[in-house]
Peer 1: 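Dropping the structure in here first, questions after.
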Amino acid sequence: MRREEQPVLHVNFEDNSLLPLLFGQHDRNLARIEQSFDVKVASRGNVLAITGPRADAAKQTFERLYDRLVADKRKGGGTSGLAQADVEAAIRFAGSRGDSQPPGIVTWRRPVEARSPRQAAYIDALEAYELVFGLGPAGTGKTYLAVAIAVAALKAGKVDRIILSRPAVEAGERLGFLPGDMKEKIDPYLRPLYDALYDMMPGDQVDRRLQAGEIEIAPLAFMRGRTLANSFIILDEAQNTTPTQMKMFLTRLGENSRMAVTGDPSQVDLPLGAKSGLADATETLRGVNGVTMVEFTDADVVRHPLVTRIVRAYNARDPRLIAAAKPDGSSL
């Protein structure tokens with residue numbers, strides 16, 4: 001069927017003044033939605049006519065973005081328009097989870113929202129399960145969302161502290177030769193965790209809670225021998241653990257605690273031939289009650305759109321990167 005013979009969907013918007021913000025500067029949002037769903041959009045007054053094979057999805061995307069603008073206007077904003085990330089998120093959500101905007105995670109600085117259906121499922125899992133594995137490529141929000149859920153739990157009084165950890169694999173035995181005290185030696189490897197915290201909490205509050213021990217950021221080796229109760233515990237870059245380290249970490253879980261383990265199975269920095277503790281754990285713990293695994297793909301990358309294309313290009317060149325993402329060797 002040719003496009004001109006296809007049925008036309010009409011969308012009516014009550015507030016004309018929001019349409020320039022909806023369409024974006026030089027109609028870039030409108031063009032992006034047309035491209036994403038292979039549709040043609042014509043605007044007349046406050047009515048859009050959408051023609052094409054995925055007109056329903058495009059209509060849902062426009063409605064979601066318009067509802068966001070209306071909500072911003074009611075709060076006294078609405079003049080800054082939509083960020084590219086908002087548009088990309090609405091496109092990803094088209095056809096999923098109904099028409100409503102997924103609820104945000106309440107942190108001290110701002111709500112943190114899911115930007116893909118898989119992220120929304122991940123948030124649900126982090127709130128429902130004691131142990132959640134977030135698996136997939138860089139830029140999918142695995143660690144950032146886990147930190148947001150941890151901050152929200154601390155803010156709501158559900159936990160007494162947040163514990164964030166990473167293996168300092170890159171340092172290896174050379175850690176002792178780096179300048180400074182132990183904190184200065186390990187901080188470069190833990191910087192992404194600090195960045196996420198400062199994005200969700202005022203800086204002085206982060207510093208105060210670090211001093212008080214309500215937030216602890218430490219390399220994986222510091223976890224041995226501890227029982228972590230009333231805590232939200234996150235292990236980042238878990239693909240760089242050994243099976244022994246992973247078992248040690250997982251068995252730190254104490255009463256009234258939750259744990260998130262995040263990593264990219266295709267980016268292992270362990271010595272050649274060494275088995276990743278993340279792969280070992282996902283093989284061992286699949287189906288265990290209280291444990292769930294959320295697997296992200298390149299479609300969930302929420303950084304610059306070029307990052308998605310980069311991930312796909314690497315996967316296309318070397319299918320082993322895709323197979324590495326699941327312990328059974330199948331693709332995500």
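Just so you know, residue 1 is the first one in the sequence shown, and it goes up from there. Every value quoted in this text rests on a predicted model; they were computed, and no experiment measured them.
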Peer 1: Spell out, as yes or no, whether a donor-acceptor pair under 3.5 Å connects the side chain of Tyr66 to the backbone of Asp15.
Peer 2: yes
Peer 1: Could you check whether Arg166 pairs with Glu237 (Lys NZ or Arg NE/NH1/NH2 to Asp/Glu carboxylate O, under 4.0 Å)?
Peer 2: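 A salt bridge links Arg166 with Glu237.
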Peer 1: Might you point out which heavy atoms bring Ala152 and Val106 nearest each other, and give the distance in Å?
Peer 2: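 So the two residues come closest at CB-O, 3.3 Å.
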Peer 1: Determine yes or no for a side-chain-to-main-chain donor-acceptor pair under 3.5 angstrom, with Arg115 supplying the side chain and Ala85 the backbone.
Peer 2: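 Flag set: sc Arg115 to bb Ala85 pair under 3.5 Å.
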Peer 1: With sequence neighbours left out, which residue pairs that include part of residues 192-206 fulfil the salt bridge (charged side-chain N to carboxylate O under 4.0 Å, His left out) condition?
Peer 2: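 Only Arg110-Asp199, Arg191-Asp195 qualify under salt bridge (charged side-chain N to carboxylate O under 4.0 Å, His left out).
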Peer 1: Quick one: pull up CD1 in Ile91 and OG in Ser116 and give me the separation to the nearest 0.5 Å.
Peer 2: 13.0 Å
Peer 1: Do Thr140 side-chain atoms and Val301 backbone N/O form a donor-acceptor pair below 3.5 Å?
Peer 2: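 A pair under 3.5 Å: no.
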Peer 1: With heavy-atom distances below 4.5 Å as the criterion, would you say the side chains of Ile162 and Glu214 are in contact?
Peer 2: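 No; the side chains remain at least 4.5 Å from each other.
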Peer 1: Do any N or O atoms from the side chain of Asn46 and from the backbone of Asn12 form a donor-acceptor pair under 3.5 angstrom?
Peer 2: no
Peer 1: Under a single-linkage definition using a 4.5 Å side-chain heavy-atom cutoff for Ile, Leu, Val, Met, Phe, Trp and Tyr, are Ile105 and Trp108 assigned to the same hydrophobic cluster?
Peer 2: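 Cluster IDs for Ile105 and Trp108 match.
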Peer 1: Report yes if some heavy atom in the side chain of Val268 is under 4.5 Å from a heavy atom in the side chain of Asn240; otherwise report no.
Peer 2: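 In short, these two side chains touch, coming nearer than 4.5 Å.
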Peer 1: Less than 4.5 Å apart, side chain to side chain, heavy atoms only: is that true for Val261 and Val132?
Peer 2: no
Peer 1: Step through the shown structure and confirm whether more than 12 heavy atoms of other residues, nucleotides or ligands are within 6.0 Å of CG on Asn289.
Peer 2: no
Peer 1: Which distance, rounded to the nearest 0.5 Å, do you find between the CZ of Phe37 and the CZ of Phe62?
Peer 2: 9.0 Å
Peer 1: Measure the CD1-OG1 distance between Ile33 and Thr61 for me, rounded to the nearest 0.5 Å.
Peer 2: 5.5 Å
Peer 1: Do Phe222 and Phe249 belong to the same hydrophobic cluster, where Ile, Leu, Val, Met, Phe, Trp and Tyr are linked whenever their side-chain heavy atoms lie under 4.5 Å apart, directly or via other members?
Peer 2: yes
Peer 1: Between the side chains of Gln35 and Arg32, does any donor sit under 3.5 Å from an acceptor?
Peer 2: yes
Peer 1: Examine the side chains of Tyr198 and Asp207 and answer whether a donor and an acceptor come within less than 3.5 Å of each other.
Peer 2: yes
Peer 1: When rounded to the nearest 0.5 angstrom, what distance separates CG in Asp67 from CZ in Phe13?
Peer 2: 8.5 Å
Peer 1: Is Glu14 salt-bridged to Lys73, going by a charged N under 4.0 Å from an acidic O?
Peer 2: no
Peer 1: Can you name the closest pair of heavy atoms from Pro219 and Ser165 and give their distance?
Peer 2: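 Heavy-atom minimum between the residues: C-OG, 3.4 Å.
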Peer 1: After noting the C-alpha distance and the side-chain angles of Asp236 and Lys142, does the key distance pass the salt bridge (Lys or Arg N to Asp or Glu O under 4.0 Å) rule?
Peer 2: CA-CA 9 Å; Asp236 188 31; Lys142 305 180 300 294; over 6 Å; no
Peer 1: Please answer whether the main-chain N or O of Arg258 pairs with a side-chain N or O of Glu130 as donor and acceptor at a distance below 3.5 Å.
Peer 2: no
Peer 1: If only atom types and distance count, is the side chain of Ser257 paired as donor or acceptor with the main-chain N or O of Asn230 below 3.5 Å?
Peer 2: yes
Peer 1: Between Arg286 and Glu295, is the salt bridge (Lys or Arg N to Asp or Glu O under 4.0 Å) condition met? List the steps.
Peer 2: CA-CA 13 Å; Arg286 283 185 187 272; Glu295 297 164 339; 2.6 Å; yes
Peer 1: Hey, does Val11 have a side-chain heavy atom less than 4.5 Å from the side chain of Glu63?
Peer 2: yes
Peer 1: Quick one: does Arg161's side chain have a donor or acceptor within less than 3.5 Å of a partner on Ser231's backbone?
Peer 2: no
Peer 1: Under the rule for ring-ring contact (aromatic ring centres under 6.0 Å, His included), what residues qualify as partners of Tyr144, not counting sequence neighbours?
Peer 2: none
Peer 1: Please tell me if the side chains of Thr241 and Leu220 come closer than 4.5 Å, counting only heavy atoms from C-beta onward.
Peer 2: yes
Peer 1: What's the spacing between Asp160 CG and Phe232 CZ if we round to 0.5 Å?
Peer 2: 14.0 Å
Peer 1: With a 3.5 Å distance limit and no angle check, can you tell me whether Arg68 reaches the backbone of Arg64 through a side-chain donor-acceptor pair?
Peer 2: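 No; zero donor-acceptor contacts below 3.5 Å.
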Peer 1: Can you confirm whether Leu131 sits close enough to Leu250 that some side-chain heavy atom of one is under 4.5 Å from a side-chain heavy atom of the other?
Peer 2: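 Leu131 reaches Leu250 side chain to side chain.
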Peer 1: First locate atom OG1 of Thr242, then atom CG of Leu270, and finally report the distance between them rounded to the nearest 0.5 Å.
Peer 2: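 Reported value, rounded in 0.5 Å steps: 7.5 Å.
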Peer 1: Please check: side-chain N/O of Arg209 versus main-chain N/O of Ile215, any donor-acceptor pairing under 3.5 Å?
Peer 2: no
Peer 1: Counting distance only, does the side-chain N/O of Ser36 pair as donor-acceptor with the main-chain N or O of Glu34 below 3.5 Å?
Peer 2: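 Not a single qualifying donor-acceptor pair exists.
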Peer 1: Is there side-chain contact between Leu126 and Val294, with heavy atoms separated by less than 4.5 Å?
Peer 2: no
Peer 1: If we only count heavy atoms from C-beta on, is the Phe23 to Val41 side-chain gap below 4.5 Å?
Peer 2: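 No, side chains not in contact.
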Peer 1: Kindly check if the number of other-residue, nucleotide or ligand heavy atoms within 6.0 Å of NZ (Lys275) is above 12?
Peer 2: yes
